Amino acid sequence: MRFSRVTVPTLKEKPAEAEISSHELLLRAGMMRGVAAGIYSMLPLGALALRRVEDVVRREMNDAGAVEVVLPSLHPADLWIESGRWNEYGPEMMRLSDRQGREFCLGPTAEELITDIVARTAPSYRDLPVNLYQIQTKFRDETRPRFGLLRGREFRMKDAYSFHSDEGDLDRTYERMRLVYSSIARGCSLDVRVVEAVTGLIGGDVSHEFMVVSDIGEDVLVYCGDCEYGANAELESHAPGHTFGGDESGSAEEVHTPGLVSVEEVASFMGVGPALVMKCVIYVTAEEVVAVFVPGYREVSEAKLARVLGTDEFHPMREDERARFPAVTAGFTGPVGLEGVRMVFDREITGARGLVCGANRPDYHLRGVEEGRDFSAEPAFDVAAVVQGDTCVRCGGGLEIARGIEIGHIFKLGVKYSESLGANFTDRDGKVKPMIMGTYGIGTSRILATVVEQHHDDGGIKWPVSVAPLPVELIVIKPGRPEQAEAADELTRGLAGRGMEVLVDDREVSPGVKFNDADLVGLPLQVVVGKKLDSDGTVDLKTRYTGERRAVPVELAVEEIERALEEAP
RNA sequence: CGGGGUGUAGCGCAGCCAGGUUAGCGCGCGUGCUUUGGGAGCACGAGGUCGGCGGUUCGAAUCCGCCCACCCCGACCA
C-alpha cells in the first residue's frame with residue numbers, strides 16, 4: 001500500500017470539532033471524516049483499523065461457538081410493535097416509511113429480528129442452545145451525539161443473541177460470553193472492568209457492562225479494591241455507613257436561619273459538619289411530590305430513586321412549580337410535621353440522632369432531631385449516590401469511583417422477547433415453552449475510539465499490534481533514488497511473503513513531514529530507508545510504542561521486523 | 001428539549017462591536033528553481049454563494065428578523 005496512492009489526508013492542526021484525543025487523532029491521522037453530527041466516514045486506514053477490531057471480535061465469538069449471520073439494518077415496524085418496543089423506544093429510534101407508507105426503522109439493536117428468525121424454526125430442546133451474532137451498523141438518534149466515534153448516531157456493533165431451554169444453560173452461555181468479552185478487550189489492548197449494570201430498554205434481570213476506565217468516560221462506575229465487586233454507579237450499592245448523625249439530645253429546637261438554604265450554609269452557621277445535616281431534594285412526578293432525604297454529604301441518585309418510585313418520569317421541582325405545592329417550603333423542608341408530600345428516606349438516616357433539618361417554615365431549621373422520636377424513616381431505601389470512602393457491601397473493602405467508557409454490555413433477558421414474539425420450543429416433556437434468551441453487545445467502532453484514547457501521545461496514535469491498520473510503515477527518504485526505491489520494494493515483498501502488509505511512504509516530501517505523519521498515523525513499526533543504506537547498508541527500525549530506534553543491516557531487516565513486531569505491545 | 005458558543009478558501013483563524021474600493025493571514029494545493037534524516041526557502045499562481053432566506057440602507061461578511069448546521073454544558077440514553 002503506497003501512501004501516495006491511498007487517501008490519508010493528515011492534518012497539521014486540530015480540527016475545531018474535536019474535543020477528545022481519539023476524535024482529534026482519528027481525524028488528524030486521516031482515518032475518518034465527519035459527515036454530520038455523530039456520523040462518520042471511515043477512510044482507508046480507519047476502515048482497516050475497524051476491520052482489525054472486528055476480526056478480533058469475530059475470532060473470539062467463533063471460538064466460543066457463536067455463529068455469524070448478517071441481518072438487515074432496515075426493520076419492518078410490525079415486529080417492533082409486536083414486542084412493544086415501537087413505542088417504548090421513542091424518538092431514539094430512526095423511523096422512516098417506504099413509498100407505500102409502510103413503516104420501518106433503522107435497527108438500533110436486533111432482538112426482534114433474530115427472535116423472529118429462531119421462532120420460525122420451531123425448535124425442540126434438542127436444537128438448543130443457539131448463539132447467533134452479527135457485526136452491523138446500528139442507528140440510534142441520540143439526544144446528544146458527541147466525542148466522535150464514542151457516541152455516534154450511526155455506529156458499528158457486534159450483537160449476539162442466545163436461545164436456551166433452561167436457565168442453567170443460559171447461565172453457562174452468559175458466563176462464557178463474559179469471558180469472551182474480557183478476552184476481546186485484552187485482544188484490543190484494553191483494560192476492562194466488568195461491572196453490574198441496569199438493564200434499561202433492552203430489559204431482563206441481570207446484566208454486566210464492560211468498562212474501560214478513562215476520565216472522558218460518560219459512565220461512573222464503582223469497584224472494590226479488595227474483592228471482585230463492581231457496579232455502575234446507577235446500580236451500585238455501598239455498605240451503609242454509621243457516620244451520619246451525632247449525639248442524643250433532649251428535644252428538637254427551632255433555630256432562625258435566615259436565607260440559609262444549602263447544606264454548607266446551614267452547617268457552617270450551626271457550627272457543625274455536613275454529617276449532621278439532612279439534605280432534602282424535592283422531586284415532582286406525574287402524580288405527586290416527593291421529598292427525598294439523604295445525608296448532607298451525599299447526593300440523591302436519580303437512577304436509584306427511579307427504581308424506588310417505579311418510574312423515571314420525574315424531575316427536581318422547578319421554581320414555577322412551587323406555587324402548586326404550598327406544603328413544600330423551598331430550602332427549609334424537613335420530615336418533622338410534613339404533610340401531603342411523599343417522603344423517601346435514605347437508609348443511612350435510620351436511627352440517626354442530633355440532626356439538623358428544615359423546619360417546614362421559611363428561614364427556620366430544626367436541630368437535635370432524632371429519627372424514630374421526631375419522625376419515622378420507615379421504610380428506608382438506598383437512594384443516595386456513592387461517595388469516595390464508602391465501603392464495599394460484599395467485603396467491607398474500600399470502594400473506588402471512576403469514570404468509564406462502556407464498550408460492551410451483556411444481558412440475561414429471560415423470556416421478555418420470546419413471550420411477546422411467540423418464540424417457543426418443545427421441551428423434553430412435550431410441552432411448548434418460551435425460549436430463554438441472552439443478548440450480548442459490544443461496540444466495535446467505540447472500541448476503535450477507545451483504543452486510540454488509551455494508546456496515544458502528543459505525536460499521535462500508538463496502535464497496539466493486534467488492531468493496527470497495518471503493522472509496518474516504510475519511510476523512503478528519497479523515493480527518487482533508485483537504490484532506496486529498490487530496497488523499499490524488496491523489503492515490501494519480503495514482508496508480504498511473511499504476511500506483513502506495509503504502508504510505504506513514497507511521497508516526494510521532506511523527511512520531517514514523513515516522520516511526523518508516521519508518528520501521527522501510528523503504525524507499530526517504522527522502517528526508514530535513507531542515507532544509512534548508502535553509507536553502511538542499514539535501515540532504521542523504530543518501535544512507535546516505545547520510541548526505541550536502531551539500525552539493522554538491510555538484508556536482516558525482514559527477520560528483525562518480524563521479531564520486533566512480536567515484541568511490540 | 002433548556003442554556004452557552006461558532007459558521008468567512010480543503011484545514012486553522014482575523015475582519016463584524018464603530019456598514020464604505022479588488023475580503024485578509026497561516027497551513028495546505030499548483031508551477032519553477034534551490035533544498036532533503038524530524039512539519040525547508042524563494043518566486044509566481046489557483047482557490048470564496050462570507051451557512052441560508054428575508055429585511056434595513058445609496059451601499060451589508062459587518063446592523064435587524066427568521067431558519068439551518070456544527071460544537072460545549074445539562075436533561076436524556078445505552
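Predicted model, so just to flag it, every value in this text is computed and none were measured. Proteins get letters first, then strands, A, B, ... in listed order; numbering begins at 1 in each.
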Margin query: Side chains of A:Thr115 and A:Tyr161: any donor to acceptor distance under 3.5 Å?
Written below: no
Note to self: Let's test this: given Watson-Crick or G-U wobble pairing with both distances under 3.5 Å, identify the partner of B:rC53.
What the structure shows: B:rG65
Notebook entry, point to check: Considering residues at least two apart in sequence or located in another chain, which fulfil the side-chain hydrogen bond (donor to acceptor under 3.5 Å, both in side chains) criterion with A:Asn232?
Noted result: A:Glu209, A:Asp219
Checklist line | Whole-Å distance separating the NZ atom of A:Lys514 from the P atom of B:rG37 | finding: 11 Å
Check: What string of B, S and - do you get for nucleotides 4-14 of chain B 5' to 3' if you count protein non-hydrogen atoms under 4.0 Å?
Finding: -------BSS-
Checklist line | Distance, rounded to the nearest Å, where A:Ile39 contributes CD1 and B:rC70 contributes P | finding: 8 Å
Item checked: Distance in angstrom units between A:Asp141 CG and B:rC1 P, rounded -> 11 Å
Check: Out of B:rA40, B:rG37, B:rC73, which has the shortest distance to the side chain of A:Val513?
Finding: B:rA40
Notebook entry, point to check: Considering only side-chain heavy atoms of A:Ala37, which listed nucleotide, B:rC70, B:rA75, B:rA78, is closest?
Noted result: B:rC70
Next item on the list: Would you please indicate if the ring centroids of A:His75 and A:Phe139 are separated by under 6.0 Å?
Entry: no
Checklist line | Residues in side-chain hydrogen bond (donor to acceptor under 3.5 Å, both in side chains) contact with A:Glu24, at least two apart in sequence or another chain | finding: A:Arg28
Notebook entry, point to check: Distance between the C1' atoms of B:rC76 and B:rC17, in whole angstroms?
Noted result: 38 Å
Margin query: Rounded to whole Å, please give me the gap between CD in A:Glu142 and P in B:rC1.
Written below: 16 Å
Note to self: Taking only the C1' atom of each, what is the distance from B:rG39 to B:rG54 in whole angstrom?
What the structure shows: 46 Å
Notebook entry, point to check: When you compare B:rA61 with B:rG45, how far apart are their C1' atoms, in angstrom units rounded to a whole number?
Noted result: 26 Å
Notebook entry, point to check: Between the side-chain atoms of A:Arg151 and the base atoms of B:rC77, is any donor-acceptor pair under 3.5 Å?
Noted result: yes
Item checked: Between B:rC76 (C1') and A:Phe314 (CZ): distance, integer Å -> 12 Å
Notebook entry, point to check: Please give, in whole Å, the distance from B:rC71 P to A:Arg153 CZ?
Noted result: 9 Å
Note to self: At a heavy-atom distance below 4.0 Å, what parts of residues 206-223 of chain A sit against RNA chain B?
What the structure shows: A:Asp219
Margin query: Among B:rC73, B:rC71, B:rG39, which nucleotide has an atom closest to any side-chain atom of A:Asn516?
Written below: B:rG39
Check: Phosphate oxygens OP1/OP2 of B:rC73: is one of them under 4.0 Å from a side-chain N or O of A:Arg146?
Finding: yes
Notebook entry, point to check: Considering every strand shown, what is the Watson-Crick or G-U wobble mate of B:rA75 when both distances are under 3.5 Å?
Noted result: none
Checklist line | Test item: A:Leu106 and A:Glu154 side chains (from C-beta on) under 4.5 Å apart, heavy atoms | finding: no
Margin query: Quick check on B:rG28: is either OP1 or OP2 less than 4.0 Å from any side-chain nitrogen or oxygen of A:Lys12?
Written below: yes
Margin query: Does this structure show an ion pair linking A:Asp141 with A:Arg153, if we count only N-O contacts that are shorter than 4.0 Å?
Written below: yes
Checklist line | Test side chain to side chain contact (heavy atoms under 4.5 Å, CB included) applied to A:Arg549 - qualifying residues, sequence neighbours left out | finding: A:Asp540, A:Lys542
Notebook entry, point to check: What do you reckon, is CG of A:Asp457 surrounded by more than 12 foreign heavy atoms closer than 6.0 Å?
Noted result: yes
Note to self: Restricting to side chain to side chain contact (heavy atoms under 4.5 Å, CB included), what partner residues turn up for A:Gln134, sequence neighbours left out?
What the structure shows: A:Val69, A:Leu71, A:Ala110, A:Gln136, A:Lys138, A:Asp159
Checklist line | Min side-chain heavy-atom separation A:Arg156-A:Val53 under 4.5 Å | finding: no
Check: Across all strands shown, which nucleotide pairs with B:rA40 by Watson-Crick or G-U wobble geometry, both distances under 3.5 Å?
Finding: B:rU34
Checklist line | Gap in Å between the two P atoms, one belonging to B:rC16 and one to B:rU62, rounded | finding: 12 Å
Notebook entry, point to check: Heavy atoms under 4.0 Å, any strand shown: does A:Ala36 hit a base, just sugar-phosphate, or nothing?
Noted result: sugar-phosphate
Notebook entry, point to check: Between A:Arg140 and A:Leu533, which is nearer to the 5' end of RNA chain B once each is assigned its nearest nucleotide?
Noted result: A:Leu533
Checklist line | Whole-Å distance separating the CD atom of A:Glu92 from the P atom of B:rA78 | finding: 7 Å
Check: Which is true for A:Val198 with a 4.0 Å heavy-atom rule: it touches a base, it touches only sugar-phosphate, or it touches nothing?
Finding: nothing
Checklist line | Atom pair distance, as rounded to whole Å: CG in A:Asp519 and P in B:rG39 | finding: 12 Å
Next item on the list: Just compare B:rA78, B:rG39, B:rG38 and give me whichever is closest to any side-chain atom of A:Phe411.
Entry: B:rA78
Item checked: Base paired to B:rG45 (Watson-Crick or G-U; both N/O distances under 3.5 angstrom) -> B:rC29
Check: When you compare B:rC44 with B:rG5, how far apart are their P atoms, in angstrom units rounded to a whole number?
Finding: 43 Å
Checklist line | Salt bridge present between A:Arg85 and A:Glu111 (N-O < 4.0 angstrom) | finding: yes
Note to self: Over all strands shown, is A:Glu234 touching base, sugar-phosphate only, or nothing at heavy-atom distances under 4.0 angstrom?
What the structure shows: base
Next item on the list: Taking the side chain as every heavy atom from C-beta outward, state whether A:His208 and A:His409 have any atom pair closer than 4.5 Å.
Entry: no
Item checked: Separation of the C1' atoms in B:rC13 and B:rG48, to the nearest angstrom -> 15 Å
Check: If we call it a pair only when both distances are under 3.5 Å in a Watson-Crick or G-U wobble match, what pairs with B:rC70?
Finding: B:rG5
Check: NA contact type, A:Arg481, heavy-atom cut-off 4.0 Å: base, sugar-phosphate, or nothing?
Finding: nothing
Next item on the list: For B:rC63 versus B:rG19, give the span between their P atoms, rounded off to a whole number of Å.
Entry: 9 Å
Notebook entry, point to check: Nearest of B:rC71, B:rU36, B:rG38 to any side-chain atom of A:Phe515?
Noted result: B:rG38
Notebook entry, point to check: So, is A:Thr143 close to the B:rC76 phosphate, meaning a side-chain N or O under 4.0 Å from OP1 or OP2?
Noted result: no
Notebook entry, point to check: Where each residue is assigned the nucleotide of RNA chain B containing its nearest heavy atom, which of A:Ala18 and A:Lys532 is assigned the position nearer the 5′ end?
Noted result: A:Lys532
Note to self: Heavy atoms only, 4.0 Å cut-off, all strands: where does A:Lys542 land among base, sugar-phosphate and nothing?
What the structure shows: base
Next item on the list: Pick the P atom in B:rU49 and in B:rA9, then give their distance to the nearest Å.
Entry: 8 Å
Margin query: Can you see whether A:Gln526 engages A:Asp519 through a side-chain donor-acceptor pair at a distance of less than 3.5 angstrom?
Written below: yes
